[in-house]
Amino acid sequence: MAEEPKNRRRAGRTPWLKIARAVPLAFDVRKIVLGTIALILIQAGWSALDVLLPATATVTPDILDFNGRFSEPALPRIAPGPVFRSALWRITEPARVLIGPMIDLFAIDRGIAWTGHALLGVLWAVVVMGIVGGAVSRSAVSEVGKGDRATIVESLRFALRSSRSLIAAPLFPLGAAAVCGLICAGFGALYRLPIVGAPLAGVTFFIPLALGLVMAVLLIDFAAAWAFIHVSVAADAESSLDALSRAFSYVNRRPVQFVACATAAWLAGAVGLAAVDVLARAAVHLAAWGLSFTAPPAILAGLGRPGPDAALDSLAGMAPFFWARVVKLLAHAWIYGYYWSAASVIYLTLRRDVDGTPATEIKDEAIEML
């Protein structure tokens, strides 16, 4: 027993070496399908918001960009440097789905419509990413901890059953930030009072500053620990407050180790995504190469960027265009499967280091259907 703390410390010195395991975990059809569901649902909700609030449509970007890099299937254009640099940015997309609208939510002098659009965008991302993140995390922790392979239906059923915790937990820090903001607004109203208002607001200005610091720490912690909330529910069958507390605790008690693990996951994920990029573009290119011997040029044009030569006015012309976009969508969805797979590995690593709980210890409530 005396050797246990020493072994735990020794294992915790290089936990980032284990992060590479998340890459093969993400090469899983079930996780890619769940990632596809997340992409489609987020885009559908954000597109509906753009229709309802067209003046502020730039708040929620188009994450399903069908004119991106996969629209050019020419294999000779694939260069390792540009592919990897692009992957370094795109692998962060799941985090940016939350952080982007949050930045717009706290923008100054944008108006009620802008703020409302950003708030609804954040809430929709929390709901969709909560359900899908819970399903992917549940699959990942079961596979890492127990060696079990849950089906998509089982993972989604668990996520829906735990939806209250998965959705409510992220709302607590957002609600706390909103309360701090309302208090600051009250102090701002002091400037409207005649004579004594401005001096009183100036004397008490340190209070809004302190609340701003609280909001900054809270929201940065939330952005860092967001994926851990989903994993905590999946691995430890936590309630919303327990999952939030555990996720924040692991980030704050092991900040250096968390940053090291996150950096390793970022680099390993970029390598994995670069491989996915090359594989997907090569598949489209080689399909076009085989078809080029017999198919009309207009049909082949549908595999690349739609142009005047593409026969997109018929089913035969639309089919290559459609299937090339399906390949891109599946490659895109790999990012989301990897995001929660990596979060699951990091969470189990930090949990072992902080609490001494082995990765094989998954609460029965989280795997009862297995």
Can you find a pair of side-chain heavy atoms, one from [X] and one from [Y], that are under 4.5 Å apart?
X      : Y      : value
Leu171 : Leu123 : yes
Val141 : Val231 : yes
Leu34  : Ile152 : yes
Ile335 : Pro94  : yes
Trp114 : Thr58  : yes
Pro358 : Arg352 : yes
Ser155 : Val136 : no
Tyr347 : Asp236 : yes

With rounding to the nearest 0.5 angstrom, report the [atom1] to [atom2] distance, [X] to [Y].
X      : Y      : atom1 : atom2 : answer
Met215 : Ile183 : CE    : CD1   : 9.0 Å
Leu166 : Ser232 : CG    : OG    : 10.0 Å
Leu350 : Thr357 : CG    : OG1   : 12.0 Å
Ile42  : Ile63  : CD1   : CD1   : 4.5 Å
Thr56  : Leu120 : OG1   : CG    : 9.5 Å
Ile229 : Met129 : CD1   : CE    : 12.0 Å

Test item: [X] side-chain N/O and [Y] main-chain N/O as donor-acceptor pair under 3.5 Å:
X      : Y      : answer
Ser163 : Leu160 : yes
Thr151 : Glu154 : yes
Trp266 : Thr92  : no
Ser245 : Leu241 : no
Arg96  : Trp89  : yes

Side chains of [Y] and [X]: any donor to acceptor distance under 3.5 Å?
X      : Y      : result
Glu93  : Tyr336 : yes
Tyr338 : Asp28  : no
Asp50  : Thr60  : yes
Ser239 : Asp242 : yes

Shortest non-hydrogen contact from [X] to [Y]?
X      : Y      : answer
Gly35  : Ala333 : C-CB, 3.6 Å
Ala159 : Gly134 : CB-C, 4.1 Å
Pro101 : Ala118 : O-CB, 3.6 Å
Ser139 : Lys31  : OG-NZ, 3.6 Å
Val251 : Ala224 : CG1-CB, 4.3 Å
Val233 : Ser165 : CG2-CB, 4.0 Å

Inset, instruction - Step through the shown structure and confirm whether more than 12 heavy atoms of other residues, nucleotides or ligands are within 6.0 Å of CZ on Phe106. - result: yes
Legend entry - side-chain contact (heavy atoms from CB on, under 4.5 Å) between Leu98 and Val122, intermediate numbers included: CA-CA 6 Å; Leu98 174 72; Val122 169; 4.1 Å; yes
Inset, instruction - Could you tell me which residues satisfy side chain to side chain donor-acceptor pair (under 3.5 Å) with Thr36, sequence neighbours excluded, listed by chain and number? - result: none
Legend entry - Any residue meeting side chain to side chain donor-acceptor pair (under 3.5 Å) with Ser47, in chain and number order, not counting sequence neighbours: Gln43
Single-linkage hydrophobic cluster [X]~[Y], side-chain heavy atoms < 4.5 angstrom:
X      : Y      : result
Val29  : Val276 : yes
Val259 : Leu348 : yes
Tyr339 : Met102 : yes
Leu39  : Phe322 : yes
Leu52  : Val59  : no

Legend entry - Ring-face cation of Arg138 near Trp340 (centre distance under 6.0 Å, axis angle within 45°): no
Cationic N near anionic O, under 4.0 Å, [X] to [Y]:
X      : Y      : answer
Arg30  : Glu143 : yes
Asp104 : Arg110 : no
Arg246 : Asp355 : yes

Legend entry - Ile167 and Ile131: CA distance, side-chain angles, deciding distance, side-chain contact (heavy atoms from CB on, under 4.5 Å) verdict: CA-CA 8 Å; Ile167 296 172; Ile131 300 298; 4.1 Å; yes
Legend entry - Aromatic contact, Phe228 with Phe258 (centres under 6.0 Å): yes
Inset, instruction - Evaluate the side-chain contact (heavy atoms from CB on, under 4.5 Å) criterion for residues Leu190 and Phe205: first the C-alpha distance (whole Å), next the side-chain angles of each, then the deciding distance (0.1 Å), finally the verdict. - result: CA-CA 10 Å; Leu190 292 176; Phe205 192 75; over 6 Å; no
Inset, instruction - Can you spot which of Leu41, Val51, Val128, Val97 makes a side chain to side chain contact (heavy atoms under 4.5 Å, CB included) with Trp46? - result: Val97
Legend entry - Trp334 and Phe27: CA distance, side-chain angles, deciding distance, side-chain contact (heavy atoms from CB on, under 4.5 Å) verdict: CA-CA 7 Å; Trp334 184 90; Phe27 282 96; 3.7 Å; yes
Legend entry - Phe293 and Trp289 aromatic ring geometry - parallel, tilted or perpendicular at 30°/60° bounds: perpendicular
